[in-house]
Amino acid sequence: MDVAAGRNISFPRYAEYNCAFRYIVEQALGARFVMPPALTKRTMDLGTKYSPDFVCTPFKTLLGSMIESLEAGADTLLMTHGLCRLGYYGELLEQILRDLGYHFDFINLSEYDMSRKKEYIRIVRRINPKVNPARFLAEFMEGLKMVEYLDEITAEYYQNCGFDPTGRACRGAYQDFLTAMYTARNRSEVEAGYHAAKRALGSIPLDKPRRPLRVGIAGEFYTAMDAFSNLELEQKLADMRVEVHRWMNVTNQFLHHGGQKNMHVKIQDLCTYEMGPTATANIWWARECAERGFDGLIHVKSAGCTPEIDVMPVLQSISRDCKIPVLYLTYDAQTSDVGLMTRLEAFYDMIEMRKRVL
């Protein structure tokens, strides 16, 4: 039995990307993946209880999810090579968990130079010294393809589900797709799940006006993408018959637009220097939304997120110059679902009235 066979690896819950993490760990690394429980109030309560007072909400979510993963039987935790303060968060998360008495192996990708290909081999060998590099690469690329499929189908779903006259068909097709991704064991099953979802979503007759309300979502990497963290923001908007567009996802941020240099050219009049992890992308996307004639933009961030606080004055300039309304949403562990709905309904009424007048 090789080393990896005895490992129970987990990665904190993050939107629906854990299906791809599972695929890579089990198929490419030959280890067992412990699926962290879905995020709940208990997750946040655990994370909040043991986190520093003024740390951002995603840190608390990650900590709570890691605790629940360890409770579920994980003995090895992975922490992404994060941007922003996440580069240090891994060390802090590990220390808190050890102070709580948990025993585990912690693989913090921030400790590796990810610009060097040899470092990836070091990480793989640490998990499973006997892994076949060629096989790992092939299976790893299939996992990345799953990420691309996930982002593509998710984007299509939120752009159209609000115009499903049954209120069920789109949601059912999307849930079937997620089930297929979470249970896929090989490339053919991944491909079959993706193509089935494309057919299902494409066959649903939509009651969609020629010019529906279109709203762009921008914001901090974790909160903007994770439905639990943003209180189902995209679904709430879709239920109001809004076409929702979110550029920020793993595919766009890391696989298709690495480095963001081309983005900077378009917004160099707004920001001369790199402002932080997702700041450049969010300013670029805000201008894109304005130029495409979107009816509104929603900026999502965690309380205390410094890069996104810096972005807000720039978004105000875009709003003023390009005549696009912007709603700023800040989330923390106490954010109310009722309070969010009140603000969304007011924003919807405003952009809907504005569209009729214009």
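Below, each value reflects all heavy atoms present in this structure, side chains not excepted, and no hydrogens, waters or symmetry copies. Index from 1, following the sequence.
- Of all heavy-atom pairs spanning Leu77 and Ser69, the tightest one is CD2-CB, 4.3 Å.
- Cation-pi geometry between Arg98 and Phe104 is met: the NZ or CZ atom falls under 6.0 Å from the ring centre, inside 45° of the normal.
- A donor-acceptor contact under 3.5 angstrom links the side chains of Thr43 and Glu68, judged on distance only.
- With respect to Glu352 and Lys355, no salt bridge is recorded, no charged nitrogen being found less than 4.0 Å from a carboxylate O.
- Hydrophobic clustering of Ile, Leu, Val, Met, Phe, Trp and Tyr side chains at less than 4.5 Å, counting indirect connections, unites Phe11 with Leu62.
- Checking side-chain atoms of Trp247 against main-chain N and O of Gln253 turns up no donor-acceptor pair under 3.5 Å.
- Residues Glu152 and Lys198 are paired through a salt bridge, judged by an N-O separation under 4.0 Å between the basic side chain and the carboxylate.
- Between Asp332 and Lys60 there is no salt bridge, since none of the side-chain N atoms of the basic residue sits less than 4.0 Å from a carboxylate O of the acidic one.
- For Ser110 and Tyr89, the side-chain atoms include no donor-acceptor pair closer than 3.5 Å.
- Between Leu150 atom CG and Glu16 atom CD the span is 7.0 Å, to the nearest 0.5 Å.
- Remark: Glu243 engages Lys208 in a salt bridge, criterion side-chain N to carboxylate O under 4.0 Å.
- The existence of a salt bridge linking Lys266 and Glu291 is confirmed by a sub-4.0 Å separation between a basic side-chain nitrogen and an acidic carboxylate oxygen.
- Under the 4.0 Å criterion applied to side-chain N and carboxylate O atoms, Asp295 and Arg214 are not assigned as salt-bridge partners.
- With sequence neighbours left out, the salt bridge (Lys or Arg N to Asp or Glu O under 4.0 Å) criterion links Glu232 to no other residue.
- Nearest heavy atoms, Ile267 versus Trp284: CG2-CA, 3.7 Å.
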Let's go through Gln235 and Asp239 carefully: what are the C-alpha distance in whole Å and the side-chain angles of both, what is the deciding distance for side-chain hydrogen bond (donor to acceptor under 3.5 Å, both in side chains) to 0.1 Å, and is it a yes or a no?
CA-CA 6 Å; Gln235 190 63 59; Asp239 291 343; 3.0 Å; yes
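- Taking CD1 from Ile283 and CG from Asp310, the interatomic distance works out to 9.0 Å, rounded to the nearest 0.5 Å.
- Partners of Asp53 under the salt bridge (Lys or Arg N to Asp or Glu O under 4.0 Å) rule, at least two apart in sequence or in another chain, do not exist in this structure.
- Relative orientation of the Phe294 and His245 rings is tilted, given thresholds of 30° and 60° on the angle between their planes.
- Taking CZ from Arg7 and OG1 from Thr76, the interatomic distance works out to 4.0 Å, rounded to the nearest 0.5 Å.
- Ring-centre distance between Phe254 and Phe221: below the 6.0 Å cut-off.
- Listed by chain and number, the residues in a salt bridge (Lys or Arg N to Asp or Glu O under 4.0 Å) with Glu142 amount to none (sequence neighbours excluded).
- Between Lys41 and Asp45, at least one side-chain nitrogen of the basic residue sits less than 4.0 Å from a carboxylate oxygen of the acidic one, meeting the salt-bridge criterion.
- Classification of Arg22 and Glu26 as a salt-bridged pair holds, one side-chain N sitting under 4.0 Å from a carboxylate O.
- In this structure, Tyr331 contributes its side chain and Asn230 its backbone to a donor-acceptor pair below 3.5 Å.
- Annotation for Asn18 and Pro36: closest pair ND2-CG, 3.5 Å, computed over non-hydrogen atoms.
- Contact record, Tyr222 with Ser229: CE2-OG, 3.1 Å, taken as the closest heavy-atom pair.
- Here the two rings, on Phe33 and Phe21, have centers that are 6.0 Å apart or farther.
- When each of Asp151, Asp226, Asn249 is paired with Tyr17, the side chain to side chain donor-acceptor pair (under 3.5 Å) condition holds for Asp151 and for no other.
- With hydrogens and angles disregarded, no donor-acceptor distance shorter than 3.5 Å links the side chain of Thr278 to the backbone of Ala281.
- Using a 4.0 Å cut-off between charged nitrogen and carboxylate oxygen, Glu71 and Arg42 count as a salt-bridge pair.
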